[in-house]
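Letters go in sequence order (proteins before strands), and every chain restarts at 1.
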There are 2 protein chains.
Amino acid sequence: MGVMERVTTRPKKAAISVAPVAADRLIRGDCIAEMAKLPDACIDMIFADPPYNLQLGGDLFRPEGGRVDAVDNDWDKFDTLAAYDRFTALWLAQARRILKPDGTIWVIGSYHNIFRVGATLQDQGFWILNDIIWRKANPMPNFKGTRFTNAHETLIWASQGEDARYTFNYKAMKTLNDELQMRSDWVLPICGGQERLKRNGTKAHPTQKPEALLYRVLLACTKPGDIVLDPFFGTGTTGAVAKRLGRQWIGIEREDSYSEVALQRIAEALPLDESALAIMQSARQAPKVAFGTLIETGYLTPGAVLSDAKRRWHAVVRADGSLSMGADSGSIHKLGAMVQGAPSCNGWTFWHHDTVDGLKPIDTLRQTYLLATQP
Amino acid sequence: MGVMERVTTRPKKAAISVAPVAADRLIRGDCIAEMAKLPDACIDMIFADPPYNLQLGGDLFRPEGGRVDAVDNDWDKFDTLAAYDRFTALWLAQARRILKPDGTIWVIGSYHNIFRVGATLQDQGFWILNDIIWRKANPMPNFKGTRFTNAHETLIWASQGEDARYTFNYKAMKTLNDELQMRSDWVLPICGGQERLKRNGTKAHPTQKPEALLYRVLLACTKPGDIVLDPFFGTGTTGAVAKRLGRQWIGIEREDSYSEVALQRIAEALPLDESALAIMQSARQAPKVAFGTLIETGYLTPGAVLSDAKRRWHAVVRADGSLSMGADSGSIHKLGAMVQGAPSCNGWTFWHHDTVDGLKPIDTLRQTYLLATQP
DNA sequence: AGCTGATCTGAATCGCTGC
DNA sequence: CGCAGCGATTCAGATCAGC
């Protein structure tokens, strides 16, 4: 069941000792302290929904060192911002350490905290791949009429660095979006109705995220079996969706009341069977067929004439799988690029051959060959 | 973010002497130096479109061979993130000084720079009122299929402090949005066609903003006669829209070529025509639901079996919204076309699912989803 | 004039493998 | 590490040529 679009087994990275880590479990405690106990480079993806309420987080964000004698609100505010930045830097540093070199991190937030999180990510060397807007289909109105209705939240998706080879299931996203590239703005309903977890009649968690959001994140950027860590687990949306999608999960949560709800919820989540988990693969993942193979196996004959779709150029197939055009010759790609004056060219779709149904790309021959030879 | 800079609290409003400042003029020069020459508290609103620090690599080619005309101007190049931060802190400090106590600032950016801008705004004591998402109706695709299509830009709207009494024309925004509160996500086309300014046959500025964007900003947050300053004036979109809306404007621009175009444009600016207004009011895009959304949101489960109305064909729903039938798979439309041997097919009406009331087209699920999520 | 199809373009951090 | 070769990859809207 190969569903990955990027093979992440590079010899160089394999030299890093990747310690196995027990998964499908909830760790109770402070996320910075608990992440510190995990080995280096053991996590494929981190999804984090950190706290952002600067007023209620006194314990969490208390600045170390002596307090300034605050006399005015601005001073308090700056102390709180600095403390929040320190907190952010600490948990992101641990996240970076335990994330595999080709792993990615997602962080969700609002304008209260996302700019600080984004800047800290960049400061620590993370490479932002996209910022994603979750556009809420049904947001709460602005009752006072003093601002624009706050109808979205922002997610940041980042890799460990500019050259990391991250997982992105491009074709699966395109399929999910009716054959159009998935954009950076996602329209999804907020979490409510049956999905919203209750405890003693009131909502179990103030900011429970919809499973649809995690579904898209995990489907886009992980492979089956990958280990997903959520350092601010809450009621375990990440764990529930990971289980459903056949991914392993680790949650860290401080509050007992959230943890209990999360564990029960995940226990009840039903995993999808393997056939339903399959996703559309990009052509990048298809087994490679050399052009020469089509000649060796008789799908094309040396001496056959290929042309582009508009019959502007014609080239002759040679026995070794090269094409020739007068004095010029080369691979299907090289010659295609040359005649167009382009830096590169996909010869499979550029060159055509004559059939009873008209001019067809030679790629159709490759498809026919694949169908005939694949198990 | 490093050490917080402590900023003195702003003086009481009564103590401020508001110096008059000449308006409706373009100042040629560096914006930091030129803002430094303006008196304190003389500006009602600042709209800023600073360099994004894109950090692009080599050339990017389109699938058909064309080359993307990227932003490669010197003004967008910074040696390090720290250098960009210093630049940001300097121009924002001047902006804060010349802005009236109840004035507001708007800054636009992308994920490359907006987190640094937002954090610096907060560090200097600005109070963020909203972050606004400009959802581009027609963004450039991701040609290589490596990330999500970067389909939006972010604007930050901030006041001088938590207690500032800023201008927000709530009713005007609600009217503009068909009697619904204006949300924090705005759908607008990019600047192109007739609106895009040309010079010698090529675009006059690589990043010209659409007038519809400035129209909404100025209409929401200024009063007639207010003075609007744009420190990165470019080709003068801010000035042109300000003139049309009866606001005063001051632009600062370093490049002569942009300045010339801007002055001519503003001289020719006329009241907005009907088509421009139509674009502005078309924010409520037609609701479009992808098949994949129904799976993400639980209206259909991966593994569910769909069939045509006469139960001749059966297909299984997969996690990414594709259907599978034996070895074949594809979107609802593609697989529907394939089994019928038709060139195309509307999968929404072709495929059905079993309900207690019998076989129903999956389009009914889409209607149910829309009813549940539309305002 | 009116329609069709080809062409062009927009703030872009845009590949992978083997030698 | 660099370099070369293979070969994968695009959406909406404006403009223009051709009929």
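- Nucleotide D:dT10: unpaired (no Watson-Crick or G-U wobble partner with both distances less than 3.5 Å).
- Note on A:Leu180: only backbone sugar-phosphate atoms sit closer than 4.0 angstrom, heavy atoms only; bases stay farther off.
- With 3.5 Å as the limit, one finds no donor-acceptor pair spanning the side chains of A:Tyr166 and A:Trp127.
- Nucleotides D:dC16 and C:dA1 place their P atoms 15 Å apart, quoted to the nearest Å.
- Using N1 to N3 plus N6-O4 or O6-N4 for Watson-Crick, or N1-O2 and O6-N3 for G-U wobble, each under 3.5 Å, C:dA11 pairs with nothing.
- B:Lys209 comes within contact range of at least one nucleobase, with a heavy-atom separation under 4.0 Å.
- Proximity of A:Lys334 to the phosphate of D:dA4: no side-chain N or O atom is located under 4.0 Å from OP1 or OP2.
- Checking D:dG7, D:dG13, C:dA11 against the side-chain heavy atoms of B:Asn138 singles out D:dG13 as nearest.
- Within the nucleic acid shown, B:Gly234 has no heavy atom closer than 4.0 Å to any nucleic acid atom.
- Applying the 4.0 Å criterion to OP1 and OP2 of D:dC6, one finds that A:Ser331 has a side-chain N or O inside that range.
- Using P as the reference atom, D:dC6 and C:dA12 are 31 Å apart when rounded to the nearest Å.
- Whole-Å rounding puts the B:Arg67 CZ to C:dC8 P distance at 15 Å.
- Across C:dA11 and D:dT15, the matching P atoms stand 15 Å from one another, rounded to whole Å.
- Of all nucleotides listed (D:dG7, C:dC14, D:dC11), C:dC14 comes nearest to the side chain of B:Lys144.
- Close to C:dG15, at under 4.0 Å from its OP1 or OP2, lies no side-chain N or O of A:Tyr166.
- If you check every strand for non-hydrogen atoms under 4.0 Å, B:Pro210 touches nothing.
- Residue-to-nucleotide proximity on DNA chain D shows that, of A:Asp363 and B:Met140, the 5′-proximal contact is made by A:Asp363.
- Closest to the side chain of A:Tyr170, out of D:dT10, C:dA11, C:dG10, is D:dT10.
- Within the 4.0 angstrom heavy-atom criterion, only backbone atoms of the sugar-phosphate kind lie near B:Gly193; the bases stay farther away.
- With rounding to whole Å, A:Phe168 atom CZ is found 15 Å from D:dA8 atom C1'.
- One interatomic measurement links the two molecules: CG of A:Asn130 to C1' of C:dC14, which rounds to 11 Å at whole-angstrom precision.
- Atom CD1 in B:Ile190 sits about 9 Å away from atom P in C:dA12, given to the nearest Å.
- Computed from coordinates, the B:Asp59 CG to C:dG15 C1' distance equals 16 Å when rounded to whole Å.
- The nearest heavy atom of DNA chain C to B:Pro139 and to A:Gln122 marks one nucleotide each, and the one closer to the 5' end goes with B:Pro139.
- Between C:dA11 and B:Asn150, no contact under 4.0 Å exists linking OP1 or OP2 to a side-chain N or O.
- Applying the 90° cutoff around 0 to the glycosidic angle, C:dT13 is assigned syn.
- Comparing the C1' positions of D:dT10 and C:dT9 gives an interatomic distance of 12 Å, to the nearest angstrom.
- Within 4.0 Å (heavy atoms only), B:Thr207 reaches at least one base atom of the nucleic acid.
- Comparing the same atom, C1', in D:dG7 and in C:dC14 gives a spacing of 15 Å after rounding to whole Å.
- In this structure, the aromatic ring of B:Phe143 is not positioned over the six-membered ring of the base of C:dC14 within 5.5 Å between centres and 30° between planes.
- Distance from the side chain of A:Lys310 is smallest for C:dA6 among the nucleotides C:dA11, C:dA6, D:dA8.
- Taking 3.5 Å as the limit, the base of D:dA8 and the side chain of A:Lys171 contain no donor-acceptor pair of atoms between them.
- Within the 4.0 angstrom heavy-atom criterion, base atoms lie near B:Asp49.
- Side chain of B:Lys203, nearest nucleotide from D:dA8, C:dC14, C:dG10: C:dG10.
- In terms of phosphate contacts, A:His333 brings no side-chain nitrogen or oxygen within less than 4.0 Å of OP1 or OP2 of D:dC6.
- In this pair, A:Trp157 and A:Trp106 present their aromatic rings parallel. The plane angle is below 30°, not in the 30 to 60° band.
- Remark: the B:Arg62 side chain and the C:dG10 base include a donor-acceptor N/O pair separated by less than 3.5 Å.
- Here the nucleotide nearest the side chain of B:Asn142, chosen from C:dC14, C:dG10, D:dT9, is C:dC14.
- The listed nucleotides are D:dT9, C:dA11, C:dT13; the one nearest the side chain of B:Leu54 is C:dA11.
- Proximity of the aromatic rings of A:Trp186 and A:Trp134 is defined here by a centroid distance below 6.0 angstrom, and this criterion is not met.
- With hydrogens and angles left out, the side chain of A:Arg284 and the base of D:dT9 share no donor-acceptor pair within 3.5 Å.
- Annotation: cation-pi pair A:Arg366/A:Trp348 present, NZ/CZ under 6.0 Å from the ring centroid and within 45° of its normal.
- The CG-P distance, from B:Leu60 to D:dA8, rounds to 18 Å in whole Å.
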*Residue pair B:Arg199, B:Ser257: steps toward the side-chain hydrogen bond (donor to acceptor under 3.5 Å, both in side chains) verdict*: CA-CA 9 Å; B:Arg199 220 178 115 93; B:Ser257 67; 5.1 Å; no
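- B:Tyr111 has a side-chain polar atom (N or O) that falls below the 4.0 Å cut-off from OP1 or OP2 of C:dT13.
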*Would you please test B:Arg116 and A:Asp123 for salt bridge (Lys or Arg N to Asp or Glu O under 4.0 Å) and show each step?*
CA-CA 10 Å; B:Arg116 325 232 38 111; A:Asp123 289 343; 2.6 Å; yes
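- Residue contacts for B:Glu153: at a heavy-atom cut-off of 4.0 Å it reaches a base atom on one of the strands shown.
- Contact annotation: A:Arg366 side-chain N/O to D:dG7 OP1/OP2 distance is not under 4.0 Å.
- Aromatic ring centres of B:Phe232 and B:Trp91: separated by under 6.0 Å.
- The closest side-chain donor-acceptor pair between A:His152 and B:Asp131 falls under 3.5 angstrom.
- Taking every side-chain heavy atom of B:Val71 into account, C:dA11 is the closest of C:dC14, C:dA11, C:dT9.
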_B:His112/B:Ser110 under side-chain hydrogen bond (donor to acceptor under 3.5 Å, both in side chains): CA gap, chis, key distance, verdict_ = CA-CA 5 Å; B:His112 310 84; B:Ser110 64; 2.6 Å; yes
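- For the pair A:Met338 CE and D:dG5 C1', the interatomic distance rounds to 16 Å; values are reported in whole Å.
- Look at D:dC16: its Watson-Crick or wobble partner, with both distances under 3.5 angstrom, is C:dG5.
- Taking only side-chain atoms of A:Gln181, from C-beta outward, the nucleotide of D:dT10, C:dA11, C:dT13 with the closest atom is D:dT10.
- A side-chain contact (heavy atoms from CB on, under 4.5 Å) with A:Ile105 holds for exactly one of A:Ile156, A:Leu129, A:Leu92; it is A:Leu92.
- No contact: A:Ala290 has no heavy atom under 4.0 Å from any strand.
- Here A:Ala283 lies in heavy-atom contact (under 4.0 Å) with sugar-phosphate atoms only.
- Checking C:dA12, C:dA11, D:dT9 against every side-chain atom of B:Lys136, the shortest atom distance belongs to C:dA11.
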